[in-house]
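Have a look at the structure below, then the notes.
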Amino acid sequence: MRASAAYAHGVVGDYIFLEPLITQDPAPANELDILVPSWVRSSDGNNYSIAFSVEKVLWIDDNYMPRFSIGGGSGWQHQSPFEGPSNEGFDGVTMFAKWAFFYSQKHEFLASIGAQIQLPTGNTGIQESSHTSLGPTFLWEKGMGDLPNWPVMKYLRPLGIQTDFGYVPALGGPTSHHMFSDAVIEYSLPYLSNNVQDIGLKWPLRNMFLFNEFNYDQLITGPSGQTFPTILATPGLAYVSYHFEVALGTQFALNNAGRPGTHAAILGLLDIFYDSFFPKWGNWTINRGPGQ
């Protein structure tokens, strides 16, 4: 049962990592983000968006650990400026591949590398760039379950860290040479109850995660005055079950460049682990065929 749980839900050792709101998940997984709504109030107006994406594991190793996946997604935006007409439409398409090249079950650690391509297929007034962008990503995650089980120290064992770093330059044109880096620090109440000490938490608290993301985003090359880094904090709560995850968060600017674009924000996520509903075709891989 342990192997099938890891196969379906991105478990590394005893730690179940959540799907972050912005930070890319380092673990290859079978997931369908069918609803990723957000509302952001900036100094210029309001932005409403709904994003969607899908990821499919294509290769697992002899320990039933997912090692390689592909995926893609897009989104729809409605921009409502305080002055001037509104604009709406689909964003460009983003596709990616991810390879978990190293993991340690004992130390609850996994590292991945990947590639990301952004295609300008959406509304020209909505999407960030009119050129195709392609670049590498590096991701890793670490659970703290290998900390000593001492009286006070053991309560740090439910902590987990997930990070990403990417550089996605445009293949044509002078703008949108995009660099980003994100990190999420999470505290797993399921891990606390199941692996540290059962403090009597009941549903739904027993399935909750507390988290805070730190998000860095910057155009390395772009128009004058638009290449300053944006640094945000994204705290939130997540409920994670065997079949799905629901998360809700907000954002706060951590530097002057981030303040004009984030006066207020609400972010959400509904992530479906579709292989738990359809184990045969949902767990299909190139090297092992249909799941059980």
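- Applying the salt bridge (Lys or Arg N to Asp or Glu O under 4.0 Å) test to D61 and every residue at least two apart in sequence or in another chain returns R67.
- Here the OG1-CD distance, from T23 to E141, works out to 11.0 Å after rounding to the nearest 0.5 Å.
- The structure places CG of L21 at 5.5 Å from CG of L267, a figure rounded to the nearest 0.5 Å.
- Defined by atom type and a distance below 3.5 Å, a donor-acceptor pair is present between the side-chain atoms of T163 and W140.
- Note that the CZ atom of F68 and the CD1 atom of I60 stand 14.5 Å from one another [nearest 0.5 Å].
- For the salt bridge (Lys or Arg N to Asp or Glu O under 4.0 Å) test, no residue two or more places apart in sequence or in another chain qualifies with E19.
- Side chains of H178 and D217: a donor-acceptor N/O pair is present below 3.5 angstrom, by distance only.
- F165 CZ to F180 CZ: the interatomic distance, rounded to the nearest 0.5 Å, is 8.5 Å.
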query: What do the steps show when you test D33 against S53 for side-chain hydrogen bond (donor to acceptor under 3.5 Å, both in side chains), and what is the final call?
result: CA-CA 5 Å; D33 295 340; S53 65; 3.2 Å; yes

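- Summarising the geometry, atom OG belonging to S80 is positioned 9.5 Å from atom CG belonging to N47; distances are rounded to the nearest 0.5 Å.
- Atom CZ of F17 is separated from atom CG of D25 by 9.0 Å, given to the nearest 0.5 angstrom.
- For W281, the CH2 atom is densely surrounded, since the number of other residues' heavy atoms within 6.0 Å is greater than 12.
- You'll find the side chain of Q105 stays beyond 4.5 Å of the side chain of V11, heavy atoms only.
- The shortest non-hydrogen separation linking D146 to K106 is CB-O, 4.3 Å.
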